[in-house]
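Down below is the structure, laid out as structure tokens.
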Amino acid sequence: MEHIYIAMVDTPGIFAAVIRGFLKQRYIHVVIGLDAELQEAYSFGRRNPRIPFFAGFEREDKEKILRAFPTAAYRVCELACSREQKEEIRERLRQDYKKRLRYHYAVPGLPFIALGRPFYLKNQYTCSSYIARLLEEHQIRISEKHFSLVTPKDFYLYPYQRVVFEGSLAGFMGAGAVAAAGAEAASGTWKDKGRERRMPKPYGTGASERVVAYGS
């Protein structure tokens with residue numbers, strides 16, 4: 001069994017506040033990672049964290065985000081998958097990153113999300129619609145909705161995942177990220193800046209099969 005990682009992000013700002021009000025939840029951005037520390041992670045978002053007007057497919061840079069948004073919060077979740085699924089997803093992400101300048105943030109599609117009407121322009125995605133489509137193409141279905149209508153809230157509510165970290169981005173980076181929690185996870189705790197957080201129980205028997213088969 002292998003894992004991929006979904007990070008849900010909360011950042012300050014007017015645009016973020018508008019999205020937060022629409023979703024009615026804290027986390028407004030979604031990132032897909034191939035490792036627990038998010039050393040290799042990708043998303044549709046700002047090309048420069050400080051400039052909201054230029055967005056597209058980018059590799060996530062946690063240090064840049066932290067400098068731009070010192071109060072950013074992260075919720076990192078682990079999804080089970082097969083080795084084949086993970087390698088195919090890895091290859092797709094790397095290929096899309098090579099041609100990242102062809103991809104753009106789907107600003108025209110935002111009103112359609114509010115109306116609940118599927119809308120897709122070639123090579124244009126939101127952070128959540130790109131990841132939803134990518135995972136769906138590899139038999140991991142986050143929502144029954146059309147991929148263009150999937151929002152960060154759908155990722156938050158997805159049942160077949162395990163929360164491995166929730167706290168400040170500074171705490172995530174300073175604590176050595178999720179990998180440093182390996183020994184503590186066995187006892188069901190994760191320490192973040194002096195605080196202990198209860199970790200959800202690991203997947204039960206057969207959970208990984210449910211994730212792989214969900215929606216297939």
Side-chain angles (χ1 to χ4, degrees), residues 4-34 38 40-62 64-65 68-69 72-75 77 79 88-158 161 169 214-215:
I4 54 175
Y5 297 85
I6 300 295
M8 285 162 270
V9 187
D10 171 35
T11 56
I14 297 175
F15 185 63
V18 172
I19 298 176
R20 199 157 33 242
F22 172 72
L23 294 177
K24 301 194 183 321
Q25 74 164 31
R26 180 180 188 183
Y27 299 103
I28 51 119
H29 181 57
V30 181
V31 177
I32 183 168
L34 296 170
L38 303 181
E40 185 176 3
Y42 304 86
S43 73
F44 264 76
R46 301 178 184 188
R47 298 199 186 277
N48 183 322
R50 297 181 184 276
I51 303 175
F53 305 108
F54 302 101
F57 188 64
E58 289 295 322
R59 185 161 175 169
E60 200 79 355
D61 188 327
K62 300 189 297 297
K64 280 187 179 180
I65 295 170
F69 305 111
Y74 266 52
R75 173 186 170 102
C77 298
L79 277 66
E88 290 176 352
I89 289 170
R90 186 197 307 275
E91 180 61 22
R92 171 68 179 278
L93 287 168
R94 291 178 176 178
Q95 290 301 318
D96 284 353
Y97 183 68
K98 289 180 181 178
K99 53 187 179 183
R100 62 190 179 280
L101 296 182
R102 301 180 189 177
Y103 291 101
H104 304 283
Y105 195 87
V107 174
L110 297 179
F112 290 86
I113 295 175
L115 295 171
R117 296 176 58 186
F119 178 85
Y120 172 65
L121 290 175
K122 184 179 179 180
N123 293 342
Q124 293 195 21
Y125 297 92
T126 63
C127 61
S128 47
S129 67
Y130 173 82
I131 298 174
R133 185 176 193 179
L134 172 64
L135 294 181
E136 183 177 330
E137 289 174 351
H138 294 88
Q139 291 75 53
I140 303 174
R141 193 174 178 89
I142 296 298
S143 170
E144 294 301 320
K145 300 176 184 176
H146 186 268
F147 69 85
S148 66
L149 299 177
V150 175
T151 71
K153 190 167 189 175
D154 294 301
F155 282 89
Y156 185 87
L157 296 175
Y158 182 62
Q161 62 184 337
L169 174 56
Y214 185 52

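The figures here come from the full heavy-atom set of this structure, side chains too, leaving out hydrogens, waters and symmetry mates.
- Atoms CG and OG1, on Leu149 and Thr126 in that order, are 9.5 Å from each other to the nearest 0.5 Å.
- Within the 4.5 Å cutoff, no side-chain heavy atoms of Tyr158 are placed close to those of Leu135.
- The shortest side-chain heavy-atom distance between Ile142 and Ile131 does not fall under the 4.5 Å cut-off.
- Nearest heavy atom pair, residue Cys127 against residue Tyr105, reads N-CE1, 3.8 Å.
- Side-chain contact between Glu40 and Arg90 is present, with at least one heavy-atom pair separated by less than 4.5 Å.
- The shortest side-chain heavy-atom distance between Ile28 and Val9 does not fall under the 4.5 Å cut-off.
- Across His146 and Ser148, no two heavy atoms sit closer than the pair ND1-OG, 2.7 Å.
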Sequence neighbours left out, cut at 3.5 Å: what donor-acceptor pairs do the side chains of residues 107-119 make with other protein atoms?
none

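- Within the 4.5 Å cutoff, no side-chain heavy atoms of Tyr125 are placed close to those of Leu134.
- How far CD1 of Ile4 is from CD1 of Ile32: 4.5 Å, rounded to the nearest 0.5 Å.
- Remark: side-chain polar atoms of Arg133 are not paired, donor with acceptor, to backbone N or O of Glu136 under 3.5 angstrom.
- In plain terms, the two heavy atoms of Tyr27 and Pro152 that are nearest each other are O-CB, 3.7 Å.
- Between the OH atom of Tyr120 and the NZ atom of Lys122 there is a distance of 7.5 Å, given to the nearest 0.5 Å.
- Using modelled atom types and a 3.5 Å distance limit, the side chains of Asp96 and Tyr130 yield a donor-acceptor pair.
- Using a 4.5 Å heavy-atom cutoff, the side chains of Lys99 and Phe57 are not in contact.
- Annotation: the span from Ile140 atom CD1 to Ile89 atom CD1 amounts to 4.5 Å, rounded to 0.5 Å.
- The CZ atom of Arg141 lies 11.0 Å from the CG atom of Asp154; values are rounded to the nearest 0.5 Å.
- Note that OG of Ser128 and NZ of Lys153 are 13.0 Å apart. Values are rounded to the nearest 0.5 Å.
- Remark: Arg100 qualifies as a cation-pi partner of Tyr97 under the 6.0 Å distance and 45° angle criteria applied to the six-membered ring.
- By the 4.5 Å heavy-atom criterion applied to side chains, Glu60 and His29 are counted as neighbours.
- With sequence neighbours excluded, no residue forms a ring-ring contact (aromatic ring centres under 6.0 Å, His included) with Phe155.
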